[in-house]
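Down below is the structure, laid out as structure tokens.
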Number of protein chains: 2
Amino acid sequence: MPYGCGVTKTSAERAQPTAEDRLRPAGRATRSAIEAAARTLFAEHGFDGASVRGIAAEAGVDPALVIRHFGSKEALFLRTLDRSLGVGKVIDGPLETVGRRLVAYLIDTDNASIRGRFVAIARGSHLAQVRDEMVRHTAEAYIAPLAPRLDGEDREVRVALVAAQVAGLLNLLFLQEDPVLSTAAPETLVALYGDAIQQLLTP
Amino acid sequence: MPYGCGVTKTSAERAQPTAEDRLRPAGRATRSAIEAAARTLFAEHGFDGASVRGIAAEAGVDPALVIRHFGSKEALFLRTLDRSLGVGKVIDGPLETVGRRLVAYLIDTDNASIRGRFVAIARGSHLAQVRDEMVRHTAEAYIAPLAPRLDGEDREVRVALVAAQVAGLLNLLFLQEDPVLSTAAPETLVALYGDAIQQLLTP
DNA sequence: CCCGCAGAGTCAACGGCGTTGACCCTTGAG
DNA sequence: CTCAAGGGTCAACGCCGTTGACTCTGCGGG
């Protein structure tokens with residue numbers, strides 16, 4: 001470790017001024033314009049369907065600038081990606097009703113952003129880093145808060161299987177747009193699938 | 001219709017001689033070489049990950065020939081696609097044990113082709129025709145044989161939710177390669193997830 | 001004050017992609 | 001033998017993500 005330098009720096013000022021902190025206003029503006037355009041187009045067309053040139057055009061910017069600012073299309077995608085589906089509050093609630101509340105939250109038609117976030121993630125799942133994020137999300141959003149609260153054996157496996165059930169439901173609803181599930185009454189889905197989930201948590 | 005020619009053809013010979021029937025042997029050979037290469041590369045890298053040029057190279061053939069024979073990359077993908085996961089026999093068995101037998105069949109490590117088939121389908125799910133195939137497969141392979149045998153209400157919805165559970169399990173196992181599920185004992189998965197599926201069929 | 005430097009943006013180009021059109025060689029029916 | 005049509009080759013098109021060389025701008029330090 002050759003650096004450290006013996007300089008008695010009294011404090012590190014802010015968290016980390018490592019990068020992106022000293023940007024001129026113009027830089028910030030175009031950066032966020034690119035991010036906004038990327039968020040829109042990735043959610044609409046997925047990773048492969050959206051093009052860097054298209055994002056640049058939407059942001060009113062040269063395609064080279066997109067790469068210049070974010071390094072690569074994949075890095076931009078990862079930065080733009082919403083990691084979470086926001087299930088935290090639901091999962092922290094009473095354990096005996098997590099199943100039904102989880103389904104009710106996921107298929108809530110008022111919360112259209114769940115669809116967009118899931119589609120963007122699923123359509124980018126061939127990227128290794130996206131897969132890693134999904135695994136991390138399963139561990140942090142489902143297993144970590146839920147497994148310690150369970151009784152019985154195989155707690156982590158049971159929670160991971162709940163995550164599988166969630167993924168499957170969103171898959172048929174939002175990716176395949178299965179007509180049977182799309183036209184079913186929400187309360188029917190909540191009751192049936194919620195109980196199937198619940199069985200893995202409190203059998 | 002200028003042809004037909006008044007020839008009193010006594011029978012239509014085989015089913016339909018509409019096309020691809022009068023092919024020279026060489027044509028057949030390269031066609032099937034391309035199909036084999038496509039099957040391999042699509043299963044390995046998905047639709048976007050596999051390139052026409054790569055498939056052509058694997059088949060020892062000019063890239064233009066691939067398009068010439070199949071029309072487009074998407075058409076080749078659809079023709080190459082295995083529509084079915086082969087769950088028919090499992091589903092036709094005794095209703096009371098479908099859940100566990102289904103999971104046991106899907107995660108059977110001896111049947112590696114299930115993984116390849118699922119990955120190819122899932123990675124091509126942004127194509128409208130692939131989505132349609134998936135919906136059709138849910139209807140034909142799950143709902144049609146299973147729903148009439150159920151008791152109670154919402155039979156079709158319940159079977160569609162079983163399909164969702166299956167999709168979710170394969171998703172975490174084969175796409176995300178979730179470490180918790182990948183390292184779990186198969187019999188644990190069969191018992192836990194099998195029963196969660198069974199609950200929707202015979203509650 | 002001006003110099004220099006780094007951030008911001010422009011432009012042309014690279015190699016790879018799916019696809020097309022023009023062009024040959026081969027073959028088998030009339 | 002003739003000749004259309006199937007099988008195959010080749011160069012090229014337009015799009016893609018990305019790069020490198022270039023200019024312009026604004027600001028801190030000599």
Side-chain angles (χ1 to χ4, degrees), chain A residues 17-35 37-38 41-42 44-80 123-124 126-130, chain B residues 2-3 5 7 9 13 17-35 37-38 41-42 44-80 123-124 126-130:
Chain A
T18 46
E20 313 180 10
D21 213 7
R22 50 263 157 61
L23 284 179
R24 309 230 264 246
R28 272 186 213 283
T30 61
R31 262 189 91 92
S32 64
I34 293 171
E35 270 198 45
L41 293 184
F42 279 140
E44 204 165 334
H45 303 109
F47 179 77
D48 295 294
S51 74
V52 170
R53 284 167 156 89
I55 292 170
E58 175 92 5
V61 141
D62 190 280
L65 254 187
V66 175
I67 302 298
R68 205 149 260 289
H69 271 299
F70 293 92
S72 70
K73 182 188 183 183
E74 182 169 344
L76 172 60
F77 180 71
L78 288 170
R79 167 172 291 266
T80 300
R123 295 267 164 89
H126 53 88
L127 303 174
Q129 289 196 48
V130 173
Chain B
Y3 57 89
C5 302
V7 177
K9 209 139 196 187
E13 306 281 341
T18 46
E20 314 180 7
D21 212 6
R22 50 266 158 57
L23 284 179
R24 310 227 266 244
R28 272 186 212 283
T30 59
R31 263 188 89 92
S32 65
I34 293 171
E35 270 199 46
L41 293 183
F42 279 140
E44 204 164 334
H45 302 109
F47 178 78
D48 295 294
S51 75
V52 170
R53 284 167 156 90
I55 292 169
E58 175 92 4
V61 140
D62 190 280
L65 253 186
V66 175
I67 302 298
R68 203 149 261 291
H69 271 299
F70 293 91
S72 70
K73 182 188 184 183
E74 182 168 344
L76 172 60
F77 180 70
L78 287 171
R79 167 173 292 267
T80 301
R123 295 266 163 89
H126 53 87
L127 303 174
Q129 290 196 47
V130 173

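For the numbers below, each heavy atom of this structure counts, side chains included, while hydrogens, waters and symmetry mates do not. Throughout, protein chains are lettered first and strands after them, A, B, ... in sequence-line order, and every chain is numbered starting at 1.
A heavy-atom distance below 4.5 Å is found between the side chains of Phe70(A) and Glu35(A). By the 4.5 Å heavy-atom criterion applied to side chains, Asp48(B) and Phe47(A) are not counted as neighbours. Contact check for Ile55(A) versus Leu76(A): side-chain heavy atoms found under the 4.5 Å cut-off.
Distance CZ (Arg28(A)) to P (dA8(C)): 9 Å, rounded to an integer number of Å. Rounded to an integer number of Å, the gap from Arg68(B) CZ to dG6(D) P is 11 Å. Going from atom CG of Leu65(A) over to atom C1' of dA12(C) covers 15 Å, rounded to whole Å. Distance, Ile55(B) CD1 to dG16(C) C1': 15 Å, rounded to whole Å.
In this structure, Val52(B) and Pro63(B) approach most closely via the heavy-atom pair CG1-O, 3.9 Å.
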Just by protein heavy atoms under 4.0 Å, how would nucleotides 13-18 of chain D read 5' to 3' in B, S and -?
---BBB

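Expressed to the nearest 0.5 Å, how far NE2 of His45(A) lies from CZ of Arg123(A) amounts to 10.0 Å.
Between the Lys73(A) side chain and the Val66(A) main chain, no donor and acceptor come within less than 3.5 Å of each other.
Distances shown here put a side-chain N or O of His69(B) below 4.0 Å from the OP1 or OP2 atom of dG8(D).
In this structure, of dA22(C), dC10(D), dG9(C), it is dC10(D) that holds the atom nearest to the side chain of Asp62(B).
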